[in-house]
Participant: 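Got a structure for you, questions after.
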Protein chains: 2
Amino acid sequence: MPTPSKTSRDEIVAAARDLIAEFGVEVLTVQAVAERVGVRGPSLYKHFADRSALLREVELTVVADLGSALAAAGRSRDHRTALRAMAIAYRRFARESPGAYSLIFNLQSADAECQAARRHALEPALLRLEALWGDRGLAFTRARILTSFLHGFVSMEAAGAFRMGGNIEEAFFSGIALLLSKD
Amino acid sequence: MPTPSKTSRDEIVAAARDLIAEFGVEVLTVQAVAERVGVRGPSLYKHFADRSALLREVELTVVADLGSALAAAGRSRDHRTALRAMAIAYRRFARESPGAYSLIFNLQSADAECQAARRHALEPALLRLEALWGDRGLAFTRARILTSFLHGFVSMEAAGAFRMGGNIEEAFFSGIALLLSKD
DNA sequence: GTCTATACTTAGATAGAC
DNA sequence: GTCTATCTAAGTATAGAC
C-alpha cells in the first residue's frame, strides 16, 4: 500500500475557500493551503494541476454558496418581501466572507461553466423580478440596477468607504425600497 | 556637478499613474515605473521612500483627477441635469482608466489626507444633492445610494459582468433617473 | 500520495562607486 | 541622482525517493 491520503480534493478546496473568504484572494498561496490541510506544498500538485485550477474550483463553490444563501432567503410568497430578504442575504454574505465575495465578479472565470454557475445563482432573484415587472426586458434592466446597487454598496462597505457619518442601515434599506418601487 | 537628473518626482508619479490606469495596480512594480521614465529601478528610491509612498501619491492624483472631471461636468444650473452629467463623467472616468478607478476605493489610504481628498472630489455632487433634497441627512443617504449604484455599475461593467444581453445603456440611464427621482 | 530538495522567477530594497 | 551589484523574501512548480 502506498502512502495513505492525508487530505482530499474537497478538503483542499474548503481550506482554500476559508482562507480566501477571510483574507482575500491574494493570500491563496499553494503553501498556505497546504499548511492548512496539513501537508507540504508540493503535495497539492497531486490534486490540482496548478494554483489557477484550484482557484477556479473555489470560485465555483463560492458562487454556489451565494446562490444557496439567496435561494434560502427568498422564500416569501410576496415578491418584494422575497427580493428584500435576498438583498439582505446578499449583503450578509459579502460581510461574512469579503474575500470570497470579491471572487464572484472576478474577471478570471469567463468560461461557460462559470457563467452558468453565476446565472444559476442569480436565477431565483431574476424570476422574482420578472414576476414583479411582467416584462423580461424590464426585469433585466431592474436586475442590473439592483445588482449594481448591491454590489456597489457591499464593496464600499467592505472598503470602509462609508466614513462620512450618518445612518448606513438607512441608506441600504431605503436604496432597496427605492429600487423595488413600482416605478 | 553631480549626475544630472533624468527624471523628477512628478514625472515618476505620472508614469506610475499611466501604468496603473491602463493595466491595474498589480503592474505597479518599481522596475516598470523606472523603465517608463528611463532610469533603473534603484534610482527611484532617491525620490520615494518605497513603493507604497509612490502608490499613495498616485492615489491622491487619481482622486483629484476624478474630482476635476466631476466638477467640470456638473456645471448646469439645473441640479438634476448637473448630477446626471456628473454620473456620466464618473462612468467615463472608470471606463477610460479602469486601473486608476479601482484605486479610489482602495483600503490602503485611510489617513486623513486621503479622506479629505476623496471628500473634496465628491463635494460638488454632494452640494447638488443637498440642494435637491433640502435636508443634509437625506442628501447623505441619497449620495450613498447613488454612489453605490455608480460604483457597482462601473465595476461590473469593467469586470465584464453584464453578459446576459439586453441594453446596458438603458440600465445605466434608467438607474440614474430612478435614483434622482423625486421620491 | 507525501516527502525533501531544488530550480526558477519576480519583486522590493540596500550598498557603495561615480 | 544614477548606476551596478547584490541581498532577501516569497511564491510556483518539478524531480525523484519512499
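Here is how names work: the chains are called A, B, and so on, in the same order as the sequence lines, proteins then strands, and each is numbered from 1.
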Participant: Could I get the full list of side chain to side chain contact (heavy atoms under 4.5 Å, CB included) partners for A/Ser155, not counting sequence neighbours?
Facilitator: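 Partners of A/Ser155 by the side chain to side chain contact (heavy atoms under 4.5 Å, CB included) criterion, ordered by chain and then number, come out as A/Tyr101, A/His151, B/His151.
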Participant: Write down the distance between CD (A/Glu35) and P (D/dG11), rounded to a whole number of angstrom.
Facilitator: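 From A/Glu35 CD to D/dG11 P: 11 Å.
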Participant: On the six-membered ring of A/Phe153, is B/Arg144 placed so that its NZ or CZ lies under 6.0 angstrom from the centre and within 45° of the ring axis?
Facilitator: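 No; the conditions do not both hold, so B/Arg144 does not lie above the ring face of A/Phe153.
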Participant: Between B/Asp50 and B/Ser52, do the side chains contain a donor N or O and an acceptor N or O under 3.5 Å apart?
Facilitator: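 Side-chain D/A pair, B/Ser52 to B/Asp50: present.
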Participant: Side-chain donor-acceptor pairs under 3.5 Å in residues 28-44 of chain B, sequence neighbours left out?
Facilitator:
residue	atom	partner	partner atom	Å
B/Thr29	OG1	B/Ala32	N	3.1
B/Ser43	OG	B/Arg40	O	3.4

Participant: Any donor-acceptor pair under 3.5 Å linking the side-chain atoms of A/His79 with those of A/Arg128?
Facilitator: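 Side chains of A/Arg128 and A/His79: pair found under 3.5 Å.
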Participant: Assess whether atom CZ of B/Arg91 is packed by more than 12 heavy atoms of other residues, nucleotides or ligands within 6.0 Å.
Facilitator: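 Enclosed.
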Participant: Are OP1 or OP2 of C/dC3 and a side-chain N or O of A/Ser43 less than 4.0 angstrom apart?
Facilitator: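 Yes, A/Ser43 has a side-chain N/O under 4.0 Å of OP1/OP2 on C/dC3.
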Participant: Answer with base, sugar-phosphate or nothing: what part of the nucleic acid does B/Ser5 contact at a heavy-atom distance below 4.0 Å?
Facilitator: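 Here B/Ser5 touches the backbone only, sparing every base.
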Participant: Without decimals, in angstroms, what is the distance between B/Phe48 CZ and D/dT2 P?
Facilitator: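 B/Phe48 atom CZ is separated from D/dT2 atom P by 12 Å.
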Participant: How many Å lie between CG on A/Leu55 and P on D/dA13, as a whole number?
Facilitator: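 These atoms are roughly 12 Å apart.
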Participant: Which letter, B, S or -, goes with each nucleotide of nucleotides 11-18 of chain C from 5' to 3', with contact meaning a protein heavy atom under 4.0 Å?
Facilitator: SSBB----
Participant: Round to a whole Å and report the spacing from CZ of A/Arg40 to P of D/dT12.
Facilitator: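 Rounded to whole Å, this separation is 16 Å.
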